Amino acid sequence: MMVLVLAACGNSEESSESSVEENEGSASEASSEESTEASGGMVSYTTDAGEEIEIPEDPQRVVILATSYFGNVMQLEANVVGAHARVTESDVLEPYTEDIELVEDGNIEQVMNLDPDLIITFNSDENLDKLKAVAPTVPIDYAKWNYLDVHRELGKITNTEEKAEEWIAGWEAELEEDRATVEEAIGEDATASVVEQYAKDIYVYGTNWGRGTEILYQGLGVDVPQAIQDEVVETGWKAISAEEIEKYSGDYMFVGSGDSGADNAYRDTAVWNNLEAVQNERVVEFNSSIFYYNDPYSLEYQKDIIMEALTK
């Protein structure tokens, strides 16, 4: 996130800064009005925080800064003109950015120059107030939404509800068949855990926090280890020590590659090597930059890998 550091440097600089802000404010207001006219009428929308706002009924220039939802709005064929540059880290999502401007983290001027009529970001975005001054902005609380429900909601926001329902229906039909196949292969009581290291921290995940968790637990019905059910599902994730991995381990261990700072040294420990999943060769490695996401494109890619691992 961009951090702005402001210092009082004399009356003349304050006056100059004020003029720049006024000019930017006027420009963004005019830009927002022009974009709104292009996208038709406005409709009332209630944000996750309970705030009533006005958004375009049929948005024509969407900027998606909430990286988790880029694949969703692209699958919905929304009119996207800009997206957070970080989505290119996923080999699955990168091809969909070809005709879209990639917005650098915190670059409000770049967003403004795209002349959006709708911005979608996380509710934790530090630049939320600045974005609201550019165009109607929907801040989404990631922790509030089930992955299918948020796809429906994004369909509502971008006037593509039918497209959203169509994909969900097809996805659920696929999972119903796959669930039966997995149950036949591993039984009804098999458990799985998802772990990943970022920098020096090891994380274990619940049932709706990307990393394939939605497919494993919600879609295929693989059981959640009791410790994860008791301590992790409600919050979505938990940082654990290398010594605690056994407590959260399942019959299958799905292990993320992590980030550039992850040394994955925990996998050289006696605790790790004595896990039943390791002993039984039931460790499944995945690319964290792809499995981070739970949009339609990413899910379809992940499901192929998970199904192969569980049914081989």
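In this chain, numbering begins with 1 at the start of the sequence shown. Just so it is clear, the model here is predicted, and its values are computed rather than measured.
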Charged N to carboxylate O under 4.0 angstrom, Glu161 versus Arg152?
no

Is the CD atom of Glu172 crowded by more than 12 outside heavy atoms at less than 6.0 Å?
yes

Please lay out, stage by stage, how Thr88 and Glu94 fare under the test side chain to side chain donor-acceptor pair (under 3.5 Å).
CA-CA 4 Å; Thr88 59; Glu94 193 275 336; over 6 Å; no

Distance-only side-chain donor-acceptor flag, Gln60 / Asp117, under 3.5 Å
no

Indicate whether any N or O donor in one side chain lies under 3.5 Å from an N or O acceptor in the other, for Gln218 and Asn208.
yes

When you compare the side chains of Gln279 and Asn273, does any donor N or O come within less than 3.5 Å of an acceptor on the partner?
no

Is a salt bridge present between Asp251 and Arg282, judged by a nitrogen-to-oxygen distance below 4.0 Å?
no

Compare all side-chain heavy atoms of Ser298 with those of Leu93 and state whether any distance is below 4.5 angstrom.
yes

On the 0 to 90° scale, with breaks at 30° and 60°, tag the Tyr297-Tyr96 ring pair as parallel, tilted or perpendicular.
parallel

Can you confirm whether Glu188 is buried at CD, in the sense that more than 12 heavy atoms of other residues, nucleotides or ligands lie under 6.0 Å from that atom?
no

In the single-linkage hydrophobic clustering (I, L, V, M, F, W, Y; side-chain heavy atoms under 4.5 Å), do Leu118 and Val43 co-cluster?
yes

Does Lys144 pair with Asp48 as a salt bridge, N-O distance under 4.0 Å?
yes

Less than 4.0 Å between a side-chain N and a carboxylate O, is that true for Lys132 and Glu51?
yes

Tyr266 and Trp272: aromatic ring centres closer than 6.0 Å?
yes

With the threshold set at 4.0 Å, does a side-chain nitrogen-carboxylate oxygen contact exist between Lys156 and Glu165?
no

Are the side chain of Gln110 and the backbone N or O of Glu104 linked by a donor-acceptor pair below 3.5 Å?
yes

Using the rule given for side chain to side chain donor-acceptor pair (under 3.5 Å), can you reason through Gln75 versus Asp295, listing the C-alpha separation, both sets of side-chain angles and the distance that settles it, and then say yes or no?
CA-CA 8 Å; Gln75 190 278 328; Asp295 62 86; over 6 Å; no

Whether Arg211 engages the ring of Phe291 as a cation-pi pair (distance to the six-membered ring centre under 6.0 angstrom, angle to the ring normal within 45°) should be assessed.
no

Decide side chain to side chain donor-acceptor pair (under 3.5 Å) for Tyr203 and Gln197; before the verdict, give the C-alpha distance in whole Å, the side-chain angles of both, and the deciding distance to 0.1 Å.
CA-CA 6 Å; Tyr203 296 92; Gln197 182 177 356; over 6 Å; no

Evaluate Glu77 against Lys163 for side chain to side chain contact (heavy atoms under 4.5 Å, CB included), listing each step before the verdict.
CA-CA 8 Å; Glu77 297 181 0; Lys163 186 84 174 171; 3.4 Å; yes

Is it the case that Trp167 and Glu300 place a side-chain donor and acceptor less than 3.5 Å from each other?
yes

Under-4.0 Å salt bridge between Lys247 and Glu231:
yes

Are a donor atom and an acceptor atom from the side chains of Ser289 and Glu89 found within less than 3.5 Å of each other?
no

Can you tell me if Tyr45 and Glu153 form a side-chain donor-acceptor pair at under 3.5 Å?
yes

